[in-house]
Amino acid sequence: MAGAEKGGINPDEERIVALIDMDCFYCQVFCRKQPELKGKPLAVLQYSDAIDGGSSAIAVSYEARKLGIKRGMRKKDMLAISPDVKTVVMPHHRKKADLTMFRAASCEVMAILAKHATVFERASIDEAFIDITANVKRMIGLPINKSKLHKTFVAGYEGSQEDQISKWSDHVSGCDHHSYDYKITLAAVYVNMIRDQILSETQFTCSAGIGANKIVAKLAAGTHKPDSQTMIPPDNIPALYQTINFTKIRNFGGKLGTAMQQELGIQWASELVNFTLSDLVTKYGDKTGQWIFNIARGIDHEPVKHRALVKQSACSKNFPQGIKSVDELNKWVLDLAEELEERLAFELADNKRVATQFTTHMRLGEGGSTSTQMPLVKCDLDHLVASANKCINKKLASRDGSYNDVIFMLSICAGKFVPAPDKNSIYTMLRDKESSKSNNKISIVKKDPGFADDVSERDKRPTLSGFFEKLKCDIPSSSRATSELSEPSTASTVYPEKSEECVKENNRNSWNSLSEEDTKLMLQPVEGSKTRCPVCNKPVLETKLAEHLDFHTALTLQRKIESELRSQDSTSSPKRKVPQSRKGSKKQKISAVQSKNIASFFKKI
């Protein structure tokens, strides 16, 4: 297959991936709420004119863009260009932008996508990747109807949309039904159907890119906007690359892209193919060099990963003037913690999961950007505030109690979600017991400018109480992998499962020629998704993670107790020489050690 060589498609692993990208999402949400704004040039402002003379636009509709209005412009500058520009202000709560309305709208769209995709990966609040390889395979044999390819473009083709589809249809009519070009055309029909349903049910338009992997799907989605879609056959990837700056490709926009521009002297994505694998490996190492070599040929092996829920929930606040006052920072820490507590409560109630890792991000005046992570014991307000204070003090607090830098942005984030443990599990009982002991010792707002430790220092003698204090931080949140700040959380999102009735209804509306065998195959249950244990890093079914953590808790508890008992036995009395006749047998010694286990400990209690 020609596409296998030019586009990097392996016939044994042919994939069809689509990126669904909402068109100017914030503007569309406002237009649905205020229909009189639809079709007019619109800009969404962060703040009203009453705050610092008005803020810049964070979203601009396509009608406004045609007039020369751009993101980042202030209201007075936009009105100077065109007095017809309409402006709306973001809703606010706790003196910061409130995204609740937009998250709810996003949930409507994501729920539709989740019903139609074999694998669904939410990328941000307004875009998602869907793997529709299996969906397309069930459609093989169906005729291609050009009327179903409305608003569809072909990357690499020139002329009007009608001319492109007419030319492409003639080409596909001579293709085998198992060729990739035929399959991607079926995918375009299928994605068009999804886009029509989104418009019908939510009143939102969206654009889409359809290709063999996430990289090319992302690039294709931005070529014809708004309210259109673009498919990119493997043979046409070189033509698309000739029109795209290589820094637009994911992971090329940062330091790596800048270094490549300086060292290789390139600008367009099509120029990447001029370098051999050995050249790239020599300059950027084996892993990065191989990755660049593949991307230059449209190859990307990263799969679409099932992720209907966000990985993290974050709350942030920018301070244009910067803050250095302890009291002012305390106020914002409390406000952000209250917002984060609400989102985590929704996660527990709706998605039955809890966060186990806390992260603080700050943008400083002299220190640049910095992040600090720590285990999250509980998701209540007291612990969130105490965790934020500890992270901030670790980076900023000086001996005299003042901050040694100015903060221009503060973000607190909870992540590394795991299924909520059962109320009767060992881990939950130990965590709640220790949390209740320390609740009264955690200050919600620090009054001491020196920011002393939030929990009073405990007796340093080796006691069970001290052990439990360590245990609650060690399990299950011992892993400290670095994570990135994500889009705001859709805390109350619950995406519908692909029930038999749902799948049948979708097929009745789109494809009525599926055989009974195909239908049975489509309705086969999917094996439960797995996650890695934060203690031993082994893959565990998500439904079994709580039970698995209990095992680690019990095992660690037994080892600690045995170690303390041995230590007490060795220090309680000096060693004496014991006559050979009084020494116990080897079996008796083993029995004595085994009797000091977790079961005997709880019997004593």
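Computed over heavy atoms, backbone and side chain alike; hydrogens, waters and symmetry mates excluded.
Using modelled atom types, no side-chain atom of N245 and backbone atom of K248 make a donor-acceptor pair closer than 3.5 Å. Proximity of a side-chain donor or acceptor of T202 to a complementary backbone N or O of I198 within less than 3.5 Å is detected. T223 places a side-chain N or O within donor-acceptor distance of the main-chain N or O of A220, the cut-off being under 3.5 Å. Using a distance-only test at 3.5 Å, with no hydrogens or angles considered, a donor-acceptor pair links the side chain of T258 to the main chain of G254. Checking side-chain atoms of D23 against main-chain N and O of P226 turns up no donor-acceptor pair under 3.5 Å. For the pair H92 (side chain) and Q46 (backbone), a donor-acceptor distance under 3.5 Å is present. Side-chain atoms of Q229 never come within 3.5 Å of backbone atoms of T152 as a donor-acceptor pair (strictly under, hydrogens ignored). Between the side chain of D98 and the backbone N or O of T100 there is at least one donor-acceptor pair closer than 3.5 Å. With hydrogens and angles ignored, the 3.5 Å screen pairs a side-chain donor or acceptor of N393 with a backbone N or O of N389.
When side chains are defined from C-beta on, E347 counts as touching F417, because their heavy atoms get closer than 4.5 Å. In this structure, the side chains of R353 and P419 stay at 4.5 Å or more apart for every pair of heavy atoms. At a threshold of 4.5 Å between non-hydrogen side-chain atoms, the residues V17 and V216 do not count as touching.
Salt bridge absent: K331 and D327 never bring a charged side-chain N and a carboxylate O closer than 4.0 Å. Taking the charged nitrogens against the carboxylate oxygens, D21 and K218 have no contact shorter than 4.0 Å, which rules out a salt bridge.
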Which is it for D227 and R195 under the salt bridge (Lys or Arg N to Asp or Glu O under 4.0 Å) test, yes or no, and what are the steps along the way? CA-CA 9 Å; D227 194 21; R195 294 175 53 246; 3.1 Å; yes

Do R103 and E108 pass the salt bridge (Lys or Arg N to Asp or Glu O under 4.0 Å) test, and can you show the C-alpha distance, the side-chain angles, and the key distance before you say yes or no? CA-CA 9 Å; R103 294 193 191 101; E108 298 177 39; over 6 Å; no

Go through it in stages, so that I can follow the logic: the residues are Y284 and F293, the test is ring-ring contact (aromatic ring centres under 6.0 Å, His included), and I'd like the CA-CA distance, side-chain angles, deciding distance and then a yes or no. CA-CA 11 Å; Y284 306 106; F293 183 82; over 10 Å; no

Going through the checks in order, is the salt bridge (Lys or Arg N to Asp or Glu O under 4.0 Å) test met by E121 and K214? CA-CA 11 Å; E121 179 181 341; K214 294 165 71 172; 3.2 Å; yes

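Seen from the ring of F346, R343 does not count as a face-on cation partner, given the 6.0 Å and 45° thresholds. In this structure, R363 fails the cation-pi test against F408, since its NZ or CZ atom is not both closer than 6.0 Å to the six-membered ring centre and inside 45 degrees of the ring normal.
When only modelled atom types and interatomic distance are considered, Q197 and H116 share a side-chain donor-acceptor pair under 3.5 Å.
In plain terms, the two heavy atoms of Y62 and C24 that are nearest each other are CE1-CB, 4.0 Å. Looking at every heavy atom in both residues, T372 comes nearest to K394 through CG2-CD, 4.0 Å.
At most 12 heavy atoms of other shown residues, nucleotides or ligands fall within 6.0 angstrom of atom NZ in K70. Enclosure of atom CZ in R71 is not indicated, since only 12 or fewer non-hydrogen atoms of other residues, nucleotides or ligands lie within 6.0 angstrom.
Taking the ring centroids of W268 and F252, they lie at or beyond the 6.0 Å cut-off.
Ring orientation note: the planes of F25 and F204 are nearly perpendicular, at an angle over 60° on the 30°/60° scale.
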